[in-house]
Amino acid sequence: MTKKLYDEKPYESRFAAQVADVKKEKGKTYVTLNQTLFFPEEGGQSPDTGILAGFPVEDVQIKDGIIWHTLPEDAEVKEGQQVEGEIDFSHRYDLMQHHSGEHLFSGLVYGKYGYNNVGFHLTEEIMTVDYSGPLSEEQLLELEKEANEAIWKNLPIICEYPSKEVLAQTEYRSKKEIDGAIRLVTVKDVDICACCAPHVRSTGEVGMLTITGWENYKGGIRITLCCGKRAVAAMQENRRVVKDSMKSLSTKAEDVTAAIDRLKEEIASLKMGKGAILEEMITMKASLLEAKPVIVEFVEGYDQNAQRQYVNVLSEKAQKLAAVLVKTQENTYRYMMASTTMDVKALQGELKDKFEAKGGGKPPMIQGTLVGVPEKIAAFLENC
């Protein structure tokens, strides 16, 4: 068993230990110690990073109570050797802030709605929490407000291993059945939860908490949260987006939403007008074409609706095959092909072989993308 120094001294970054075992496997060196400050990947949280015996720690895992530190293959470490280690405390503290913030938020969710935390994922880039029931936007905003109010109160956060007697009389949250000693993390007046990870001393150290996203997930909800520096960075990014939007729309912050709504209405109106013009143009262009077995048209600027209208009109004039190809980039086309007399689905295999076509459809019409020179594409289709 490895002694977990991070349980006792979560704010320390340097430690000394004795090497208990060393393994060389798959181009890596795996080291166990009699004690360590390195928190392993556990409970949904990514591991600590840092230096051990002068080598970078690439991963930390726990198995049967033994913590394995992954070092580079060329790490020269021997069993019984005394070594020194140092964790990246900036990384550790960021995860401490987030994990404590999650306990605070999850405690509020459980207290108000009775939902359990059924999934948790915390890395240096993102923190997501899954809850067992749905929450509305209004409920989420209220929870966010209450979480920050609890942060401002600077409530103590206590981590301890209570006796069996005390544990039996304590109501606490737990995501899974736990064997052995149970470590409880208590946020005063808000939450009590079984947890193995390092935490900050008080809610004030969480700094701030903000919800950056949410989605329905397995009958409940998945929420993305940010705390501390990451919350500040998210706020600053949102401010930048609003500022850029104000500049682009020539309006004040409070009028951005209304300006976007007006812009959407204008775009919808323009699309309707463009659609009507394209429809007239398609009808006119089709009327000027002579009826023949195969009609192939290369066009630019057509959306899929206009392209479909055009190929439908042309299929009435083409005795065998109508094809409309819209240029998307050099020698790349979005195609639609239709026929009232032949099974165009049979063309799909040949288009794939000759022009790297990707797509699908049914016998009356096929669509997709292909790559080729217009002259060669046209020649192939006219002789199909």
Side-chain angles (χ1 to χ4, degrees), residues 125-126 128 213-217 222 224 237 241 244-245 248-249 260-261 263-384:
E125 296 175 346
I126 193 170
T128 60
W214 63 87
E215 60 181 321
N216 295 330
Y217 185 74
R222 170 169 288 178
T224 304
E237 174 60 17
V241 171
D244 289 349
S245 299
S248 297
L249 298 168
I260 291 174
D261 288 340
L263 194 59
K264 287 166 66 175
E265 291 177 2
E266 290 175 10
I267 291 172
S269 178
L270 288 171
K271 281 184 176 180
M272 288 181 62
K274 178 183 176 182
I277 293 170
L278 275 174
E279 188 172 351
E280 290 182 13
M281 185 177 70
I282 285 168
T283 302
M284 185 180 297
K285 286 181 68 174
S287 68
L288 297 174
L289 294 174
E290 295 181 5
K292 56 182 180 179
V294 177
I295 300 176
V296 181
E297 287 285 294
F298 290 88
V299 297
E300 294 186 26
Y302 279 40
D303 62 17
Q304 289 186 324
N305 287 332
Q307 186 179 12
R308 186 174 290 105
Q309 288 177 22
Y310 198 19
V311 79
N312 284 337
V313 171
L314 293 183
S315 65
E316 295 175 2
K317 300 196 73 170
Q319 299 153 358
K320 187 177 181 183
L321 175 70
V324 177
L325 299 97
V326 180
K327 185 176 181 180
T328 56
Q329 55 184 327
E330 191 64 30
N331 291 334
T332 301
Y333 297 87
R334 183 179 70 240
Y335 69 84
M336 288 187 184
M337 301 179 188
S339 175
T340 58
T341 60
M342 68 176 286
D343 181 0
V344 290
K345 180 70 174 173
L347 277 176
Q348 207 64 276
E350 292 185 73
L351 289 172
K352 181 178 179 181
D353 292 338
K354 294 182 179 296
F355 303 106
E356 304 174 34
K358 297 178 182 178
K362 296 181 180 180
M365 179 184 288
I366 57 174
Q367 60 185 339
T369 60
L370 55 74
V371 178
V373 178
E375 292 78 10
K376 291 185 177 181
I377 296 171
F380 167 75
L381 292 175
E382 287 168 359
N383 291 284
C384 66

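These numbers come from a predicted model, not from an experiment.
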Check the surroundings of atom CD in Glu125: do more than 12 heavy atoms from other residues, nucleotides or ligands lie under 6.0 Å from it?
no
Taking Val241's backbone N and O only, do any of them form a donor-acceptor pair with Ser245's side chain (distance below 3.5 Å, no angle check)?
yes
Minimal non-hydrogen separation, Ala338 against Ser315, with atom names:
CB-CB, 4.2 Å
Look up atom CG in Leu263 and atom CG in Leu249, then write down how far apart they are to the nearest 0.5 Å.
6.5 Å
Do the side chains of Asn331 and Pro374 get nearer than 4.5 Å, heavy atoms only?
yes
Not counting sequence neighbours, which residues clear side-chain contact (heavy atoms from CB on, under 4.5 Å) with Gln304? List them please.
Arg334, Met336
Which atom names give the shortest non-hydrogen contact between Val344 and Met337, and what distance separates them?
CG2-O, 4.0 Å
Under 3.5 Å, is there a donor-acceptor pair between the side chain of Thr341 and the main chain of Gln319?
yes
Indicate yes or no for a side-chain donor-acceptor contact from Ser248 to the backbone of Asp244 under 3.5 Å, with no hydrogens or angles considered.
yes
Side-chain polar contacts of residues 345-355 - donor-acceptor pairs under 3.5 angstrom, sequence neighbours left out - could you list them?
{"from": "Lys345", "atom 1": "NZ", "to": "Gly361", "atom 2": "O", "distance (Å)": "3.2"}
{"from": "Gln348", "atom 1": "OE1", "to": "Tyr335", "atom 2": "OH", "distance (Å)": "2.6"}

Salt bridge (charged side-chain N to carboxylate O under 4.0 Å, His left out) partners of residues 313-330, not counting sequence neighbours, each pair once:
Lys327-Glu330
Between atom CD of Gln307 and atom CG of Leu325, what is the distance when rounded to the nearest 0.5 Å?
7.5 Å
Run the side-chain contact (heavy atoms from CB on, under 4.5 Å) test against Ile126 and tell me which residues pass, sequence neighbours left out.
His121, Thr123, Thr128, Thr224
With sequence neighbours left out, write down each residue that passes side-chain contact (heavy atoms from CB on, under 4.5 Å) with Pro364, or none if nothing qualifies.
Lys362
If I take atom CG from residue Leu321 and atom CG from residue Leu314, how far apart are they, to the nearest 0.5 angstrom?
10.0 Å
Checking Val299 now: which residues fulfil side-chain contact (heavy atoms from CB on, under 4.5 Å) with it, not counting sequence neighbours?
Lys285, Tyr302, Tyr310, Val324, Val326
Measuring from Lys292:NZ to Glu382:CD, what's the distance to the nearest 0.5 Å?
6.0 Å
